[in-house]
Amino acid sequence: MRAVDGVSIDLHPGEVVGLLGHNGAGKSTLIKILSGAYQADSGDILINGQKADIRSPADARRYNIETIYQTLALADNLDAASNLFLGRELVNRFGLVDDDAMEAETRKIMARLNPNFRKLKEPVSALSGGQRQSVAIARAVYFNARILIMDEPTAALGVHETAMVADLIKELKAQGLGIFLISHDTREMMDLCDRVSVMKNGKLVGSERVEDVTEDDILSMIILGKNPRREAA
Amino acid sequence: MIGALILISLAFNIATGGLFLSPRNVFNITIQTVSVAIMATGMVFVIVTRHIDLSVGSILAFASAVAGVLQVRWLTQDLGLELGNPLIAPIAILGALLVGTLIGALNGWLAGYQNIPSFIVTLGGLLVWRNVAWYLTSGQTLGPLDRTLLIFGGAEGTLGPTWSWIVAVVAAAAAVLAIWNGRRNKARHGFPVKPAWAEVVLTVVIVGAILGFIAVLNAYLVPENKLKRIFEARGETMPEGYTAGYGLPISVLILIVVAIVMTVIARKTRFGRYIFATGGNPDAALLSGIDTRWLTVKVFALMGFMAGLSAVVAQARLQNHTNDIGFQDELRVIAAAVIGGTALAGGVGTIYGAILGAFIVQAIQSGMGMVGVDTPLQNIVVGLVLVVAVWIDGIYRKRLGVR
């Protein structure tokens, strides 16, 4: 069984590439390979033309690849600062975890991302969906990501919070990050992405610039697994 | 929970006409609790990472057997060290710690890398290690133990009033400093701080508790006959009317050090942070680049180390190694951790809570013994307390709206 089979995708700095497909199409598997959670049986990851050796999430972080998982991957029993710095804690000169410094940094980045964020001392299980999402986003953004992977970043959010995430994506793109965006919402993808890649049954159906396709084209790629533009040509 | 301990103590104190909180009984309960309390601190980490260790009582027995055999056979009979050689105690202690740590690491490897549920691994260990110990000692009681080692047991090794007061003052000063430092750090980052009066009250209560506890231990006087023997051993005669208080037992000092070190590990090190993160969400921990399998090995090895340390304390207190040393300690240790607020679902637990839990279990058991309750009924009550404590804790957490 091949979850992802012979798929090749490019991402340039300052570009947003949308990954589309049904549940089980292989999108999540593909990005988990890039983020180090899974390892590919074959194939290469090239960053700036150099082969990248990614075998664990820690490796991916070393290449400045940050991932916002659909599940958010937060430790519910810890507070926002502990989650933001999880695996990369700030330490004082005795090598002990410096909670106050981390809280101060968390306050700074939260002031930028989500000014309404107040519950710094509480476990993140006590936060709303949008607040939890901001913690997950803050974690990816804080560490100077060059490649950002966002798996369904707006699935659990209200209208206002979704708009905030959209603005953030545009801002990060302007800063020159390359962003992989996974979503089921084709309209949203048409708005945010420069290109879309569609997968079905583990294979790439096609990658197109959003200017060149209609929403119906994308839908038919997702559902039928056929690329109408290529068929017509 | 402190409230529960105070309530239980006061109730038994009334029921026993003041005997329960007498210096002698406080001293005894304290030294009886140490070995379970030490292991309970290790069990907090095990349970927080969503594991369990049922083998701690058996690890304690095996570590104690190794230490015992080192003292009465290998070092003395086989290697020819004379009795009372100053090397015997350190080697025996190192042996117990090493054996405990290695068995713990083995448990952690089986659970972490081989994915055998820790319940099964340690249930097996529960049967294996006590009986390996049996083969090592041929089922014999080992003793008498090295005299130096006995100072770790309790009554045979106390600091005496003067040093106890010094420890108390140092501890009180450290507590004041820690509270003040924490406040200053928060203020420096511009975080909200508690009102000054609240911090002062907290400080007074903590300092008062430390000094009060030491005062009680100092008030427990060494029996006259024992003092006479000490003087005779030195070739002197005891002056008329001479008295001496026991003061802080060395075993309790060890527990205090363990409590501080484990609390620092839990709150202030990456290792501790990863333990709690893994317990809260193992997938998130993994995706954050935490090596959760190696973490499991470390957590179980630390648990084993604590069981080895407890083995030294337990055999020194009992003054020999017996086959049933630490028998059913796994139940007391788990009960202590759970009564102390450690959640079996993982991610939640405190070191001080587990130690308080150990004291609560011991206080209930000793108190009932003093009132004249039969042993079977004592066990029934301790069992019920465990279930009710978790029940109440669950209701309380639900009210507060936390998990």
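The sequence lines fix the lettering, A, B, ..., with proteins before strands; numbering per chain opens at 1. Heavy atoms only: backbone and side chains are in, while hydrogens, waters and symmetry mates are out. Note that the structure is a prediction, hence the values are computed from the model and not measured.
- Within the 4.5 angstrom heavy-atom criterion, only side-chain atoms of B/I290, from C-beta onward, approach chain A.
- If you measure heavy-atom distances from A/K32 to chain B, you find no contacts under 4.5 Å at all.
- Side-chain N or O atoms of A/R61 include one that pairs as donor or acceptor with a backbone N or O of B/S288 at under 3.5 Å.
- Interface residue A/R88: only backbone heavy atoms are found under 4.5 Å from chain B.
- In this structure, the portion of A/L78 lying under 4.5 Å from any heavy atom of chain B is its side chain and not its backbone.
- With a threshold of 4.5 angstrom between heavy atoms, A/S82 approaches chain B through its backbone and through its side chain.
- Within 6.0 Å of the CZ atom in B/F119, the count of heavy atoms belonging to other residues, nucleotides or ligands does not exceed 12.
- Listed for the B/N281 side chain is no donor-acceptor partner under 3.5 Å among the backbone atoms of A/D76.
- Atom CD1 of B/I2 sits in a sparse spot, with 12 or fewer heavy atoms from other residues, nucleotides or ligands closer than 6.0 Å.
- Interface remark: A/E103 contributes backbone and side-chain atoms alike to the contact with chain B (heavy atom separation under 4.5 Å).
- Residue contact with chain B, scored on non-hydrogen atoms closer than 4.5 Å, is absent for A/N92.
- At least one side-chain heavy atom of B/R273 sits less than 4.5 Å from a side-chain heavy atom of A/D99.
- Proximity to chain A (any heavy atom under 4.5 Å) is shown, for B/R188, by neither the backbone nor the side chain.
- Distance alone, capped at 3.5 Å, is enough to place a donor-acceptor pair between the B/R270 side chain and the A/E89 backbone.
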Step-by-step side chain to side chain contact (heavy atoms under 4.5 Å, CB included) determination, A/R107 to B/F191: CA-CA 10 Å; A/R107 279 174 193 267; B/F191 301 162; 3.3 Å; yes

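- Other residues, nucleotides and ligands place no more than 12 heavy atoms under 6.0 Å from the OH atom of B/Y352.
- Residue B/D283 does not touch chain A at all, counting heavy-atom pairs closer than 4.5 Å.
- Contact check for A/L96 versus B/T269: side-chain heavy atoms found under the 4.5 Å cut-off.
- More than 12 heavy atoms of other residues, nucleotides or ligands sit less than 6.0 Å from atom CD of A/Q39.
- Around atom OH of A/Y38, no more than 12 heavy atoms belonging to other residues, nucleotides or ligands sit under 6.0 Å away.
- Heavy atoms closer than 4.5 Å to chain B are found in the side chain of A/Y69, but not in its backbone.
- In this structure, chain A has a heavy atom under 4.5 Å from the side chain of B/Y274, while its backbone stays farther away.
- The 12-atom threshold is exceeded at CG of A/D167, counting heavy atoms of other residues, nucleotides or ligands nearer than 6.0 Å.
- Residues A/A75 and B/A284 approach most closely at N-CB, 4.1 Å, considering heavy atoms.
- A donor-acceptor pair is defined here as one N or O able to donate and one able to accept, closer than 3.5 Å; no such pair exists between the side chain of A/N77 and the backbone of B/A277.
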